[in-house]
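Contents: one structure, followed by commentary.
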2 protein chains.
Amino acid sequence: MKHTDDIHSAAREQVRESGLRVTTARVRVLAELSASGGLLSHQDIEQRLGRHRIDRVTLYRVLDSLAEHGLVHRVAGNDRIWRFGVGRGATSGATAGAGASVARELHERHAHFQCSDCGKVVCLSEVAAGRALRVPRGYRAESVELTVRGRCPQCG
Amino acid sequence: MKHTDDIHSAAREQVRESGLRVTTARVRVLAELSASGGLLSHQDIEQRLGRHRIDRVTLYRVLDSLAEHGLVHRVAGNDRIWRFGVGRGATSGATAGAGASVARELHERHAHFQCSDCGKVVCLSEVAAGRALRVPRGYRAESVELTVRGRCPQCG
DNA sequence: ACCTTGTTGCAACTTTGTTGCAACAAGCCA
DNA sequence: TGGCTTGTTGCAACAAAGTTGCAACAAGGT
């Protein structure tokens with residue numbers, strides 16, 4: 001369990017290593033995602049930022065830039081909203097070059113669970129997704145998304 | 001390969017068997033989906049209906065009712081757009097009770113492919129999705145969605 | 001043919017996401 | 001430290017997807 005400040009400076013470090021400019025918006029958003037551990041929707045993030053609120057548009061752009069540089073990963077739920085999460089295993093010790101793909105790889109490998117009632121999305125790290133997938137001739141597979149839908153413990 | 005009229009009357013039959021009222025809107029939409037064979041977005045359907053156009057809102061409600069009664073299945077792409085498709089194997093000869101779950105079952109079992117360029121979604125019937133899936137204690141799985149993302153033959 | 005009840009179309013609205021642009025601040029160099 | 005360049009931010013306005021309320025209408029039973 002990390003202290004808030006640690007998460008914050010780790011986030012700052014990650015942003016710097018990714019080659020992106022270190023701005024408060026990026027650091028705060030990444031820190032928030034790291035702290036949550038799970039997947040957050042755009043709205044979730046806005047709420048958690050609280051009085052540190054940043055513009056809605058900026059948030060979109062921040063998340064885009066973080067996603068592009070592999071610091072976070074975007075997942076589409078069946079409620080047509082994006083959810084974002086950090087790669088759990090991504091450490092601040094990764095080298096600049098290799099760091100870019102850490103989060104992406106992690107999230108492409110495991111599955112997600114979305115509650116059909118409350119819409120919450122969590123990672124199912126135990127499930128190995130996308131092993132030995134065969135696509136028809138002419139198609140080129142780039143990534144695999146495996147989403148299980150059902151009821152989470154809270155919604156029974 | 002079925003003739004247009006056949007598809008139309010088959011659709012009418014399916015709607016009747018599902019317990020829904022047989023309306024021109026429902027029959028036309030279901031027929032259009034059957035004829036296409038693949039997955040259509042809301043917009044695709046509107047275009048295909050052409051001069052038989054129905055109200056946007058009605059289309060939403062028609063698709064909802066068809067989905068609820070298992071005649072079609074909704075799939076979320078990563079472009080936050082719903083796509084709808086019929087269960088390929090659903091025959092008009094199914095009994096009223098059993099018919100309801102045909103489409104749902106079929107689509108829960110196989111995977112979908114979405115092109116990251118043009119956004120088109122197709123079914124990958126060869127891939128058996130969701131075999132031997134384990135979810136954590138407390139979670140209840142209802143359905144599995146496996147989506148492969150990449151390039152379709154047209155987009156290279 | 002008539003009546004009831006589910007269905008349709010319209011208008012207005014909400015939510016999610018995007019675009020253009022001027023103001024601003026990160027990073028770099030002297 | 002101060003100034004310059006260029007990427008970032010916030011605002012306003014917009015676009016697309018989807019929803020809600022309501023009056024008019026048509027399907028299916030009697």
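Atom set for the values below is all heavy atoms of this structure, side chains included, hydrogens, waters and symmetry mates excluded. All chains are named by letter (A, B, ...) in the order of the sequence lines, taking the proteins before the strands, and each is independently numbered beginning at 1.
Scored by the side chain to side chain contact (heavy atoms under 4.5 Å, CB included) test, A/Ser41 finds A/Gln43, A/Asp44, A/Ile81, A/Arg83 as partners (sequence neighbours excluded). Take A/Phe84 and apply the ring pair (Phe, Tyr, Trp, His ring centres under 6.0 Å) test, not counting sequence neighbours, and it matches no residue. By the side-chain hydrogen bond (donor to acceptor under 3.5 Å, both in side chains) test, B/Asp64 is found to be paired with B/Arg74, residues two or more places apart in sequence or in another chain being considered. When the side-chain hydrogen bond (donor to acceptor under 3.5 Å, both in side chains) test is applied to B/Ser65, the partners found at least two apart in sequence or on another chain are B/Arg26. For B/Arg16, the side-chain hydrogen bond (donor to acceptor under 3.5 Å, both in side chains) partners are B/Glu13, not counting sequence neighbours. Residues that satisfy the side chain to side chain contact (heavy atoms under 4.5 Å, CB included) test with A/Ser36, not counting sequence neighbours, are A/Leu40, A/Arg48.
Residue pairs satisfying the ring pair (Phe, Tyr, Trp, His ring centres under 6.0 Å) criterion with at least one member in residues 9-53 of chain A, sequence neighbours excluded, are listed as follows: A/His42-A/Tyr60.
Put simply, NE2 on A/His42 is 16 Å from C1' on C/dT14, counting in whole angstrom units. The separation between B/Asp55 atom CG and D/dT19 atom C1' is 12 Å, rounded to whole Å. Between A/Arg83 atom CZ and C/dT16 atom C1' the separation is 13 Å, expressed in whole Å. One atom, CG of B/Leu59, and another, P of C/dT8, lie 10 Å apart when rounded to the nearest Å. Atom CD1 of A/Ile54 and atom C1' of D/dT9 are 9 Å apart (whole Å). Rounding to whole angstrom units, CD of residue A/Glu17 and P of C/dG27 are separated by 14 Å. One atom, CD of B/Glu68, and another, P of C/dT7, lie 10 Å apart when rounded to the nearest Å. Regarding B/Leu63, its CG atom lies at a distance of 10 Å from the P atom of D/dG18, rounded to whole Å.
Taking every heavy atom of both residues into account, B/Val57 and B/Asp55 meet most closely at N-OD2, 2.9 Å.
Within a 6.0 Å radius of CZ in A/Arg28, more than 12 heavy atoms belonging to other residues, nucleotides or ligands are found.
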Kindly indicate, with the supporting measurements, whether the criterion side-chain contact (heavy atoms from CB on, under 4.5 Å) is fulfilled by B/Val72 and B/Val29.
-> CA-CA 10 Å; B/Val72 303; B/Val29 170; over 6 Å; no
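One axis for each end of the helix from C/dA1-D/dT30 to C/dA30-D/dT1, each built from five base pairs, and the angle between them comes to 30° at 10° resolution.
Between C/dT16 and A/Trp82, no contact under 4.0 Å exists linking OP1 or OP2 to a side-chain N or O.
Among the nucleotides D/dG18, C/dT8, C/dG17, the one closest to the side chain of B/Arg56 is D/dG18.
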Letter by letter from the 5' end, nucleotides 20-30 of chain D scores (B base, S sugar-phosphate only, - none; protein heavy atoms under 4.0 Å) BB-----BS--
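For DNA chain D, the residues of residues 25-34 of chain A within the heavy-atom distance limit of 4.0 Å (strictly under) are A/Ala25, A/Arg26, sorted by number.
The shortest side-chain heavy-atom distance between B/Leu33 and B/Leu71 does not fall under the 4.5 Å cut-off.
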